[in-house]
2 protein chains.
Amino acid sequence: MFEGFVYVRACLYPEGVVLPAGDAAVSVWDRGFVFGDGVYEVVRAYGGRWFRMREHLRRLRRSLEETRIGFDEVDVVEKAAGALQRVQELEEADGLLYVQITRGAAPRSHAFPDPPAEPTVLVALTAVPDFSEEVEKGVAVVTREDFRWHRCDIKTIALQGNVLALQEAKEAGAKECLFVRDGAATEGSHSNFFGVKDGVLRTHPADRRILAGITRECVLELAREAGVSAEEAAIGREELAGLEEAFLTATSFEVVPVVQMDGRPIGDGKPGPVTRRLQEAFRECVRRETGGA
Amino acid sequence: MFEGFVYVRACLYPEGVVLPAGDAAVSVWDRGFVFGDGVYEVVRAYGGRWFRMREHLRRLRRSLEETRIGFDEVDVVEKAAGALQRVQELEEADGLLYVQITRGAAPRSHAFPDPPAEPTVLVALTAVPDFSEEVEKGVAVVTREDFRWHRCDIKTIALQGNVLALQEAKEAGAKECLFVRDGAATEGSHSNFFGVKDGVLRTHPADRRILAGITRECVLELAREAGVSAEEAAIGREELAGLEEAFLTATSFEVVPVVQMDGRPIGDGKPGPVTRRLQEAFRECVRRETGGA
């Protein structure tokens, strides 16, 4: 069921090991398992080269600081990533790196373990799912009230709310759920959200209501370079139906047009010109920075 | 580091096993570990007999339904509990049973695994920590804005918000954090909250903002039996400083007086008469229902 290899450093493997994904285990008392007490990152490789690894590691460090998980060996992640590329013969392949750090294993008690436990490190490298249809044709989304916690800027593994929301969206025939909080669109369950209104590209400011996506940031840079007016300004619920274009961004699927929302078409129901321009600019940026794609 | 035994049924042990707590492991791809995608219960035994096990199992079933985890073998939990009592020779002892069910192990993807994975079951039985000082003298709490998700009625394992809040409270010299949402006190990070105002006992209604605690419900019943006026009505933030008494309830520590809030005494800074009466009534109820304590 589980393909490939993973790197794990945990109380069962204190030195860190690379082993088949199906064999890798953590203690039932890992705080990741009993409290969702950890953080994560996903990094994409193009032709074996990591896209904006430095930015991902910076965000990982921030998540660790905000959750006060004492782990400062972020270089372990890069070494594990390289080891997984070698053992899986993916040195020149596309791939998605999954990195998770938890507060470690300790007898279950809500407060931090004292003395601290050794953080648990999980790194996995898997193939990139085929998102070409979504990228080309666009997807449907459904909106729902954002019922998650109020620190969505932290890339926590405590994602049960995201899981439930995405599942409901899927069952409603959509590919993503778009959260709305206090009357404004925030983000998707595992993506950032952009809309075009009166020719201006808008996305929610990177405050505590959304994750500051690496692809989101890149798209904002590219929009400015391309002369597209772009603002970090929330899109009100009442503005959603009138958007000219909309798209989602994520490390895994890059830039995916939103062509339908709550059963109604966005614009003319096809990916719009700003979206297409930014998809192309993003691919060009990836080529420039990694030589791959 | 880990004492005693646990029962685990997971992809590594599909038939279910009782094994030393330090050896028990789950797949790194368990959705409990990567998404906090599970629910739990804590049940207390007095003299080896479970207090209100039926109510705990009913709540567990509700949490499973609300999170749509397809697990209907709740009898497995009772059997595992008995097995753990025997193997640890705790058939006549006090103890805390920890029960956790997750959506099982599957390749990481937010939506539910399709076909569904076999849910992971973890059951552990540990000694009851000594809460006698807290019960006798009372504790300090600090308030903070409730920044958790909006389904606090589900006993989710995705508890990173609770963990961070309790840790901050602890570092502020308090034993618990009291959450306040939209101007009203909701509950603690791992307890329910009661206050006495103008002689009336009040606690937040059991809606989506709090967990419907088993001890909370029991205390409400006992208050009515004892002729104490009790209301399920939220206590406003501005009313907190003027409370005559306050206390916390939880399965683990029962009824613990709150004698200080945000550095200021509650009432005269000592456990009050309503609190004492309900502590005694609770112990009497436990004796009546279990023959223990």
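Within every chain, numbering begins at 1; the chains are lettered A, B, ... in the order of the sequence lines, protein sequences first and strands thereafter.
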**Student:** Please look at A:Phe112 and chain B and tell me whether the side chain, the backbone, both or neither of the residue comes under 4.5 angstrom of a heavy atom of that chain.
**Tutor:** both
**Student:** Measuring heavy-atom distances to chain B, does A:Phe2 have an atom under 4.5 Å in its side chain, in its backbone, in both, or in neither?
**Tutor:** side chain
**Student:** What residues of residues 122-130 of chain A sit under 4.5 Å from chain B when only non-hydrogen atoms are counted?
**Tutor:** A:Leu122, A:Ala124
**Student:** Measuring heavy-atom distances to chain B, does A:Glu3 have an atom under 4.5 Å in its side chain, in its backbone, in both, or in neither?
**Tutor:** neither
**Student:** Taking all non-hydrogen atoms of both residues into account, name the closest pair between A:Leu159 and B:Arg108 and its distance.
**Tutor:** CD1-NH2, 3.9 Å
**Student:** First locate atom CG of B:Asp37, then atom CD of A:Gln167, and finally report the distance between them rounded to the nearest 0.5 Å.
**Tutor:** 10.0 Å
**Student:** Under 4.5 Å from any heavy atom of chain B, what part of A:Ala10 do you find: side chain, backbone, both or neither?
**Tutor:** neither
**Student:** Given heavy-atom pairs under 4.5 angstrom as the criterion, report whether the side chain, backbone, both or neither of A:Ala21 touches chain B.
**Tutor:** both
**Student:** How far apart are the closest heavy atoms of A:Phe33 and B:Gln100, and which atoms are they?
**Tutor:** O-NE2, 2.9 Å
**Student:** Cation-pi between A:Arg208 and B:Phe147: NZ/CZ under 6.0 Å from ring centre and within 45° of the ring axis?
**Tutor:** no
**Student:** Checking heavy atoms, do the side chain of B:Tyr40, its backbone, both or neither come under 4.5 Å from chain A?
**Tutor:** side chain
**Student:** Using non-hydrogen atoms only, which part of A:Thr120 is less than 4.5 Å away from chain B: side chain, backbone, both, or neither?
**Tutor:** side chain
**Student:** Tell me, for B:Glu171 versus chain A, whether the close heavy atoms (under 4.5 Å) come from the side chain, the backbone, both or neither.
**Tutor:** side chain
